[in-house]
Structure formats: structure tokens, C-alpha cells
Amino acid sequence: MEGAGAGEAGGSGSPSPEAEEAQAQAAQFHEDEEIIEVLELNDVEPDPDDLASDMEDVDFADDPEDGEMADNEEWETEDEGVEEGTDPHDDSELTFSKHTASVFCVSLDPKESALAVTGGEDDKAYIWRLSDGETVFECTGHKDSVTCAVFSHDSTMVATGDMSGLIKVWKVEGAEEIWSFEVGDLEWLEWHPCAHVLLAGTADGNTWMWKIPSGECKTFQGPSCPATCGQFLPDGRKAVVGYEDGSVRIWDLKQGNALHVLKGTDGHAGPLTCVASNNDGSLVLTGSVDCDTKLVNTATGKVVGVFKTESNVSKASRREDGEAESNSVESLGFCNVLPLAAVGYLDGTLAVYDLSSQSLRHRCQHESGIVQLLWEQNSPVVYTCSLDGAVRLWDSRSGKMISEYCGHTAEILDFALNKDASIVVTASGDHQAKVFCVQQPDR
């Protein structure tokens, strides 16, 4: 799922015996790496004009042949969460109901936060207004579930991608399709932070990059397994990509080579589910179905921290036969204002780690699995959405829940937050997207 972006929810898998035995507050660090040194790496923000100019210099090769499409099954939404037939209290200000099946992804326009784009299992994507829920236009022509739908940095374009690998780019003004391309089965899709350049990962292990609308293309060949998650680093010159075999690669997008490859003990013991970068790109977090979260120095490619959690299985993650379901890391991210990181697990645990002391600061338990988390841009408040259909706000300093917003009758599959943290937009398995106005507590 999304991406993005912000992080995408990944699949679940069986944790290793080592992961089950790991103590909850263990944060293991390699040899004599100093986390404080890493945190003090370059904090100079890159100039957007320089980044966009750099992308102009990238040597894009001719378009490779379209990737083969495997016969993958449709995504199945979880049955757990909100009980059928219930009519929960609805805290939302507005409900968008044009979709006729599960809504898989949502993105807000970053400039004004006036528009949303949603994609769903009905093979459709819609761009619509947050103010009144009216459709601006429908993104037509997809032939499979739309799992990626993202605005460009300047809100002038929207990219939509379906599971079969058909990617389309739309000009918002004029509601015009300006580019399309077909790859193998699509895993994730995201825009460059300040240029009209798209990055995508596919099931054949490739990462693709295109200039839009010219379509000039460059590919980065990974192992022969899906590129399950990835994102541009903030400098716009590198990308971090995670793979199904547990490896992680940091790519130089201009030169086309892998700067660092983390595999074996430096990689994960299961497929990657999510990656996230801190503000200056000096650190990335990687999460996996092996339940480990690794902290990586992007300059050296060294793992400088491993955060583990015990298999803390909540009642919500137990099957009807009483057996515990497998756990995995589903989403993660860095706080912008404090040296904290948050990790969300399929068993409903939200773990807040203190990077300075290299320890677990808080464990916040949900009644059902966490799908995604997002930090507020300018405060230590972290948002979670989960399989019970609720959005919750947590104070990372105290570990206490600030508020919760309900209204969906099925699991939330994705959500987006505007820059001033006043609006949350959710996408759900109940075929709806909802707009919630968030009350502003004392930060």
C-alpha cells in the first residue's frame, strides 16, 4: 500500500524463534558504533532547485520492455476489526462514497490540502474535494485494483498505479492523462520530493525511475524477488529499497549503482515491509516480517541499531481457534522534533524508541493490528490507524493516547495527514474514505 509515502502497510509472516524470545526493551547495537555521532550528521536541508536540476542530469536509458505480469490474486481485506452490522459513532466531517469496493490508498495535495486522491479494489481512482466531497475527476482506464495514488510535490500531477502494473499520470488542471506505462506487478509508487520524477518497485525486483511527462526511464536491478518497499531519500539523489529476500539497497540514482547492500546478518530474516528516512536522510529505519527494526547510517551503510520486541500478541490478533497469528512490523517513522522513532506492529503494539538512550520508551497497545503510523511534522504526536477502523493520536513523551476518531465499519487501510495536522483522511475496507477534523491539543 502506500505509499505512500509516508510508510506502507506490508504483509504478515511468521516470526522467527529468536524474535519470539527477544526481550521487549532490547535495542542491540553493533560493536562500537556511536548512535549520537550518527544523529549529528549533516542537517543542512537540500535546495529544491538543486535537486530538480540534478534530476535533469540523470542519464535515463531508453524504455525497457514491459515487465511480465504474474497471475497474482486480488488483495483480500481482513475480516477482523469492526463487527458486521454495527453502526459506530461517526466522528468524521465528510464521507466520500463513490468507491464500490475497498479503498486501498489515499493521498492529499501537498500545496493546499484541498484535494484528495483515493484508489480502490473497484479498479478506480478519484480526485475529490475535501471541502464538500465532490469529485473533480475520475482517473479512468485501470484494469486492476488501484493500490497507489499520489500527488506530486507541487500538486500539479497525480500518479495512479494498479496491481497489474499499469501506471498513469494525470494533470490535475484540465483533468488530463499525460503519460502511462506498464511494468510487472506493482509493489509501490512515489514521487521525487521536488521534481516531476516517479519511482516504483515491482515484483520482478526492479526499481524504475521516469521523468514525467517525457517518460525517459532508468531501472535499478535488485535480486530476483519483489522490491517490496522503497522511497526517495530527502536529498532526492538516493533511494532506499527493501526486498522480499530481506536485503536492503541504497541506490545512487544519478550513477545507477547500489551504494550499499545490506544482506545476511545486516539485512532481515524475512521480507521487508516498510522503510523510512529521517529529515536529513542520514538515517533510515527498515522493518520486516521478522519483527526487527534496523537503524542504518546511509553514509556508511552500517547497521547502527536493532530494535526488537517480544511477540506481544493481543486478543485482536488471535484467530477464532485460539492460535496466535504471526506478527510483523507494519509501519515506522522518525519524529522530527525529538530523537524518537515509532514502530507499529501487526499485533497492535505501537513502540516508541528513544534513539539517544537506545531504549524502548513506551509501548502503546491497540486492540487490533496497526496498519500505518504518521508523525506530525512539528510535534511529538504520532497518529496510528488500525484494523478496528479507528485513528488514534498518541503523545510520544508520555505514551498516552490523546484522542481517537471513529466512523468506519471496517478496517482502515491507509490514511493521510495534512501539513498543519488539522485534517486526517482515511481509506477503508468499508468502501469509504472519510475526512476527520482533528482538534488541536496543547502540543
Side-chain angles (χ1 to χ4, degrees), residues 1-8 45-52 55 94 96 105-119 125-131 133 136-137 139 146 148-161 167-175 178-179 188-200 210-213 230-236 239 276-281 331 333-337 372-379 381-383 385 391 414-427 433 435-438:
M1 313 284 276
E2 204 357 301
E8 313 219 5
E45 292 194 10
D47 182 85
D49 292 335
D50 289 344
L51 301 191
M55 298 314 294
L94 184 148
F96 181 79
C105 53
V106 60
S107 171
L108 301 184
D109 88 86
K111 282 295 185 185
E112 305 293 337
S113 293
L115 301 176
V117 58
T118 49
Y126 294 96
I127 295 174
W128 49 278
R129 289 197 300 261
L130 295 181
S131 59
V136 177
F137 66 92
C139 304
V146 178
C148 304
V150 198
F151 279 94
S152 62
H153 71 285
D154 57 3
S155 299
T156 62
M157 298 180 186
V158 165
T160 56
I167 301 169
K168 293 174 175 283
V169 175
W170 311 80
K171 191 174 181 181
V172 175
E173 185 178 353
I178 59 173
W179 181 83
W188 52 271
L189 176 70
E190 81 154 40
W191 284 100
H192 188 277
C194 55
H196 290 150
V197 172
L198 271 178
L199 194 69
W210 301 274
K211 283 185 180 180
I212 305 298
Q231 68 171 58
F232 284 101
L233 294 186
D235 66 5
S277 164
N278 67 344
N279 253 354
D280 65 11
S331 187
F334 290 88
C335 178
N336 289 338
V337 297
Q372 188 185 354
L373 67 82
L374 293 170
W375 286 94
E376 277 192 12
Q377 193 165 346
N378 299 308
S379 87
V381 174
V382 62
Y383 292 58
C385 69
V391 174
D414 192 18
F415 79 112
L417 181 65
N418 69 341
K419 282 188 177 179
D420 66 4
S422 62
I423 294 174
V424 173
V425 184
T426 54
V435 179
F436 296 90
C437 292
V438 180

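None of these values were measured; they are calculated from a predicted model.
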Quick one: closest heavy-atom pair of Ala149 and Cys105, and the distance?
N-SG, 3.7 Å
Between the side chain of Gln372 and the main-chain N/O of Phe415, is any donor-acceptor distance below 3.5 Å?
yes
Do Gln377 and Leu417 come within less than 4.5 Å of each other through their side chains, counting heavy atoms only?
no
Within the structure provided, determine whether Met157 and Trp179 are in side-chain contact (heavy-atom separation under 4.5 Å).
no
Going by heavy atoms in the side chains, are Val158 and Val172 under 4.5 Å from each other?
yes
Non-hydrogen side-chain atoms of Trp188 and Leu199 separated by less than 4.5 Å:
yes
Do the rings of His192 and Phe232 sit parallel, tilted or perpendicular, given the 30° and 60° boundaries?
perpendicular
Do the non-hydrogen side-chain atoms of Leu94 and Trp128 ever get within less than 4.5 Å of each other?
yes
In terms of heavy-atom contacts, Ser113 and Asn418 come closest through OG-CB, 3.2 Å
Hey, does Ile423 have a side-chain heavy atom less than 4.5 Å from the side chain of Val435?
yes
Exam field: side chain Trp375 to backbone Asn336, donor-acceptor pair closer than 3.5 Å:
no
Can you list the residues that meet the side-chain hydrogen bond (donor to acceptor under 3.5 Å, both in side chains) rule with Ser152, with sequence neighbours excluded?
Asp154
Any side-chain heavy-atom pair of Cys335 and Val382 under 4.5 Å
no
